[in-house]
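Numbers for residues simply follow the sequence, beginning at 1. One-based numbering, in listed order, for ligands and for the atoms of each.
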Amino acid sequence: TTHTITVEPLGTELQCREDQSILDACLRNGVWLPHACTHGTCGTCKAQVLDGDIDLGDASPYALLESERDDGAALMCVATPRDDVVIEGDVDIEDGITMYPVRDFSGTVAALDEIAPGVRRLVIDLDEPMEFNAGQYVQLNLPDGDNRPYSIANAPHETGRIELHIKRTENGVATAGWVFDGLAAGDEVTLSGPYGKFYFRPGREKPVLLLGSGTGLAPLVSILKTIMAIEDEEGEWEHEVVMYHGVATSADLYDREWFEALAGERDWFTYRPAVSREQFDGRQGRVPALLAQDYPRAGGNVAYICGNPAMVEDTMRALMKARLFPRDIYREDFFDAA
Ligand code: FES
């Protein structure tokens, strides 16, 4: 059974199956609603149901409060229609940004390499190119029919392939049970995308801070490679780009030689490893602590943060203390997918 979803204030009508989330139907039909976790836990996709009957799905009581439910709010990533439904969502997209509809893709594993202890780089050659914005993510389908989100680590201009950085989690069905055990070059995989509201705003004429921990570096590398492409195309990039990579030990600093070489070639780029459990370059510490030392004043920058929730929160706080306002900070809370 399908139902008609009307999305206000656009007035756009689209079809949604009873077993499909309203968010999924919107994203696949080119109506972009804000979203992040797509699993009912972050609250980003909250919208008002103006008319019709829905199933609220597996909405976390913290992401959707009882009082909000009573007022007709719902989380579109887990809500499914029981009837024709009218919703009102935050459909605004910033000027100069194109959002691409979500689609299903198939591809072949081109490479799968261990790049740090417990971290693999998975490169997939897609059968059809995917358009996306630097920083967005895909949902990789697992052999058991479930899926897991991974940020895309390559730049959008390389549309025919997708590079993902995958961290092993003990007993994780996606990682320990598949990517780290069994998956091999030449295998067929399927995925959907692009997803997410964490993406590069190339129009913001400011120095850029790229702040990542662990495999949260992936979307930041996509942004970095996009800036390199802009420089190559336009002949210049005039803003400083400083990238911090937070890890436990120097062995976890994957692609370090590549970043160091790049920093040697492009004078706008600085690479700062933040190693927390051993001395490195005479320093030791997490990203928020090193940032606080290096930037007593951070105003005038635009920051992109991606890491585990504690790292993102602490980094936000360090930036705000250094007078960088939330409007200049973009964040992605990254849960290592099991
Ligand atoms: Fe996170 Fe829906 S609750 S995207």
### Query
Which atoms from ligand 1 have a heavy atom of T41 less than 4.0 Å away?
3 (S)

### Message
With a 4.0 Å cut-off on N to O distance, would you call D55 and R82 a salt bridge?
### Response
yes

### Task
Go through ligand 1 atom by atom and flag the ones less than 4.0 Å from a non-hydrogen atom of A36.
4 (S)

## Note on the structure
Here the gap from L217 atom CG to D252 atom CG, rounded to the nearest 0.5 Å, amounts to 12.0 Å

### Angle subtended at atom 2 (Fe) of ligand 1 by SG of C77 and SG of C45, nearest 10°
100°

### Query
Looking at G43, which atoms of ligand 1 are within less than 4.0 Å of one of its heavy atoms?
1 (Fe), 3 (S)

### Query
Short list, please: which atoms of ligand 1 are under 4.0 Å from a heavy atom of C42?
1 (Fe), 3 (S), 4 (S)

#### Entry: Proximal atoms of ligand 1 relative to G40 (non-hydrogen, under 4.0 Å)
3 (S)

### Query
Nearest 0.5 Å, what's the CG-CD distance between D90 and Q48?
12.5 Å

### Message
Cation-pi check for F280 against R283: NZ or CZ below 6.0 Å from the six-membered ring centre and within 45 degrees of the axis, yes or no?
### Response
no

### Message
Regarding atom 4 (S) of ligand 1: of the candidates D58, T38, L23, which has the closest heavy atom?
### Response
T38

### Query
Of all the heavy atoms in A63, does at least one lie under 4.0 Å from an atom in ligand 1?
no

### Message
Please list, in number order, the atoms of ligand 1 under 4.0 Å from a heavy atom of C37.
### Response
1 (Fe), 3 (S), 4 (S)

### Message
Listing request: all side-chain hydrogen bond (donor to acceptor under 3.5 Å, both in side chains) pairs with a residue in residues 182-191, at least two apart in sequence or in separate chains.
### Response
N141-T190

### Task
Using the six-membered ring wherever Trp is involved, compare the ring planes of F200 and W237 and label them parallel, tilted or perpendicular (cut-offs 30° and 60°).
tilted

### Summary
side chain to side chain donor-acceptor pair (under 3.5 Å) with W268: of E231, E240, E238, H239, only one passes, and it is E231

